[in-house]
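This report refers to the structure that appears directly beneath it.
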Amino acid sequence: MLKKEENELLTRVGPGTPGGEMLRRYWQPAALSVELPPGGPPVPLRLLGEGLVMFRDQEGRLGLLGLHCSHRGADLSYGRLEDGGIRCLYHGWLYDVEGRCLEQPGEPAGSTFHDRIRHPAYRCHEVAGVIFTYMGPGEPPLFPNYELFRVPDDNRWVHKQYHECSYLQGNEGNIDSIHVRFLHRYLPGSRFRRSRELDGEGRPARPFDESLPSSASRCEETHFGVRIYSLHDTHAATYMRTTNFVIPLTCAVPGGPAPPGDGYLMNWHVPIDDTHHWRFSMAFKRSGPLDPNYAQARASVTDETFRSPRNKANRYLQDREEQKHDTYAGMGPIFVVQDAFATETAGEIQDRSREHLAASDAGLAAARRMMLRAIKDVQEDRDPPHVIRRPEDQDRLLEISVTSEQVPVGTTWEQYRVQRGVTFGAIGIED
Ligand code: FES
Ligand SMILES: [Fe+2]
């Protein structure tokens, strides 16, 4: 449970809000590279409550500028890409990717007024098919060199999806590990079950059709966020799942197209405004290229605007017959749809003063505490956690460890942690 004021701090993201100022201290995904093909048109965007336009100039440099022209406010996303920047259609003011006003053709010859205009402009960094931006003050921090960004392009999959709720609900859905055993279950005999019933060692690969398990959850703070261990006892076996909250709005969890032990999934929940967000999903496989069918299948989950045809307005097309035979939720086999139901139906901004957190929510509570401390850090002019300034810290991020595996019955989380150490690699088995 949070006090109403704390909930406000964490969920208001606009310029000048304490939470928004904290979020602006980190690099965040703004768009997919496929949305900005070379020679393509400017793209209007909304991030952290700000209207923006992203474009590539004639030399291919990326710009992210305030949407409304500094002259009299026309929408720059309708502008012309020419002469080294983007030109407003209304009176021809020309801006480069740094927000400098290069020309004001309607002003008297020799005017230097354009030199005094500084249009809002944010730094961009393109990697792995994703365009990240830094929207905070001062020198941007170093870019975190996650394992995801170190593999060849063919080993990686990226996508984004629109969500109709606060970013915090989306991200807390990833921190919450126990929901996987319920919301995402396939029923015995489900037509959606994978054909691979056993993993390489003959163990059940996906224990979702076991009877409902008992679980225990423990967590520990790290330099990048919170590492969460979830232990699930079913009738047949014990499973350990390790997930990571990466401050401020990302989680690294088992999933994606890689086979067991060969990669994992990172989800960034980036605010569009207080009540909508993009979930940028990025997954990778260490050992080699991904099956292109995976990207194709996942892309078909959303339309060309990255919205799901199953959404809140149509109750996620829940099918009560499917719920009897195939899935626990009755919303098809795709996890992100089920996640959208869980997070969006809590309201545009969940009222956390009315919730009742349980023992299994320890990781979530720890993540909130860390974020509230990060807000205080920024208010007191300190870098919050995981803002990287030293090159050697860019490479400490393999400590983001993701697992989902069967362990000997009776293993405690303390034993597991010691066995694995704190810097072990990912060995996930779940989708
Ligand atoms: S409003 Fe853009 S140039 Fe006048
Ligand atoms: Fe989920």
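Residue indices begin at 1 and follow the sequence shown.
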Have [X] and [Y] got a donor and an acceptor in their side chains that come within less than 3.5 Å?
| X | Y | answer |
| --- | --- | --- |
| Thr327 | Glu322 | yes |
| His184 | His179 | yes |
| Tyr316 | Glu344 | yes |
| Glu355 | Gln350 | yes |
| Arg241 | Ser177 | yes |
| Tyr95 | Arg100 | no |
| His71 | His91 | yes |
| Tyr416 | Thr403 | yes |

Worksheet item: Stepwise, does the side-chain contact (heavy atoms from CB on, under 4.5 Å) test hold for Asn267 with Thr250?
Response: CA-CA 5 Å; Asn267 290 321; Thr250 307; 6.0 Å; no
Under 4.5 Å between any side-chain heavy atoms of [X] and [Y], yes or no?
| X | Y | result |
| --- | --- | --- |
| Asp176 | Glu172 | no |
| His159 | Val301 | no |
| Leu62 | Glu126 | yes |
| Arg389 | Pro141 | yes |
| Glu21 | Val13 | no |
| Leu168 | His269 | no |
| His277 | Val270 | no |
| Tyr162 | Thr302 | no |

Are any side-chain N or O atoms of [X] and backbone N or O atoms of [Y], one a donor and one an acceptor, separated by less than 3.5 Å?
| X | Y | answer |
| --- | --- | --- |
| His68 | Gly73 | yes |
| Glu164 | Asn311 | no |
| Gln161 | Trp278 | no |
| Asp57 | Arg61 | yes |
| Ser190 | Asp326 | yes |
| Thr11 | Asn7 | yes |
| Asp154 | Leu290 | no |
| Arg382 | Glu380 | no |
| Asn155 | Gly288 | yes |

Item to complete: Not counting sequence neighbours, list each pair that qualifies as a salt bridge (charged side-chain N to carboxylate O under 4.0 Å, His left out) and has a residue in residues 288-305.
Response: none
Item to complete: Could you name each residue pair satisfying salt bridge (charged side-chain N to carboxylate O under 4.0 Å, His left out) that touches residues 31-44, not counting sequence neighbours?
Response: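 Only Glu35-Lys160 qualify under salt bridge (charged side-chain N to carboxylate O under 4.0 Å, His left out).
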Worksheet item: Shortest non-hydrogen contact from Leu249 to Pro271?
Response: CD2-CD, 3.7 Å
Rounded to the nearest 0.5 Å, what separation is found between the [atom1] atom of [X] and the [atom2] atom of [Y]?
| X | Y | atom1 | atom2 | value |
| --- | --- | --- | --- | --- |
| Arg12 | Asp273 | CZ | CG | 10.0 Å |
| Arg80 | Cys88 | CZ | SG | 12.0 Å |
| Leu10 | Asn171 | CG | CG | 11.0 Å |
| His223 | Asp393 | NE2 | CG | 7.5 Å |

Worksheet entry | Under-4.0 Å salt bridge between Lys3 and Glu5 |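 So Lys3 does not pair with Glu5 through a salt bridge.
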Item to complete: Could you tell me whether Arg369 and Glu221 make a salt bridge, using a distance below 4.0 angstrom between a side-chain N and a carboxylate O?
Response: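 Between Glu221 and Arg369 there is no salt bridge, as every charged N stays at least 4.0 Å from the carboxylate O atoms.
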Discussion item. Run Asp351 and Lys4 through salt bridge (Lys or Arg N to Asp or Glu O under 4.0 Å) and show every step you take.
Written reply: CA-CA 8 Å; Asp351 181 354; Lys4 275 194 185 301; 3.3 Å; yes
Worksheet item: Does a sphere of radius 6.0 Å around NZ in Lys312 hold more than 12 heavy atoms from other residues, nucleotides or ligands, not counting ones at 6.0 Å or beyond?
Response: yes
Cut-off 3.5 Å, no hydrogens considered: what does the side-chain donor-acceptor table look like for residues 44-52, sequence neighbours left out?
{"from": "Arg46", "atom 1": "NH2", "to": "Gly49", "atom 2": "O", "distance (Å)": "3.1"}
{"from": "Glu50", "atom 1": "OE1", "to": "Tyr122", "atom 2": "OH", "distance (Å)": "2.7"}
{"from": "Glu50", "atom 1": "OE2", "to": "Arg24", "atom 2": "NE", "distance (Å)": "3.4"}
{"from": "Glu50", "atom 1": "OE2", "to": "Arg24", "atom 2": "NH2", "distance (Å)": "2.8"}
{"from": "Glu50", "atom 1": "OE2", "to": "Tyr122", "atom 2": "OH", "distance (Å)": "3.4"}

Practice prompt. Please say whether the positively charged group of Arg123, taken as NZ for Lys or CZ for Arg, lies over the ring of Tyr134, i.e. under 6.0 angstrom from the six-membered ring centre and within 45 degrees of the axis.
Written response: no
Discussion item. Centroid separation under 6.0 Å, is that true for the rings of Tyr239 and His232?
Written reply: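 Ring centroids of His232 and Tyr239 are no less than 6.0 Å from each other.
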Fill in: Distance flag, aromatic centroids of Trp157 and Phe284, threshold under 6.0 Å
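Ring centroids of Phe284 and Trp157 are no less than 6.0 Å from each other.
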Worksheet entry | Aromatic ring pairing Tyr186/Phe192, orientation class (parallel under 30°, perpendicular over 60°, tilted between) | tilted
Worksheet entry | Plane angle bin for Phe149 and Trp268 - parallel if under 30°, tilted between 30 and 60°, otherwise perpendicular | tilted
Worksheet item: Listed by chain and number, what are the salt bridge (Lys or Arg N to Asp or Glu O under 4.0 Å) partners of Arg315, not counting sequence neighbours?
Response: none
Discussion item. Using the side chain to side chain contact (heavy atoms under 4.5 Å, CB included) criterion, which residues pair with Arg218? Sequence neighbours excluded.
Written reply: Trp413, Glu414
I'd like a table of donor-acceptor pairs (distance under 3.5 Å, sequence neighbours excluded) in which one partner is a side-chain atom from residues 102-110, with atom names and distances.
{"from": "Glu103", "atom 1": "OE1", "to": "Arg87", "atom 2": "NH1", "distance (Å)": "3.0"}
{"from": "Glu103", "atom 1": "OE1", "to": "Arg87", "atom 2": "NH2", "distance (Å)": "2.9"}
{"from": "Gln104", "atom 1": "OE1", "to": "His114", "atom 2": "N", "distance (Å)": "3.0"}

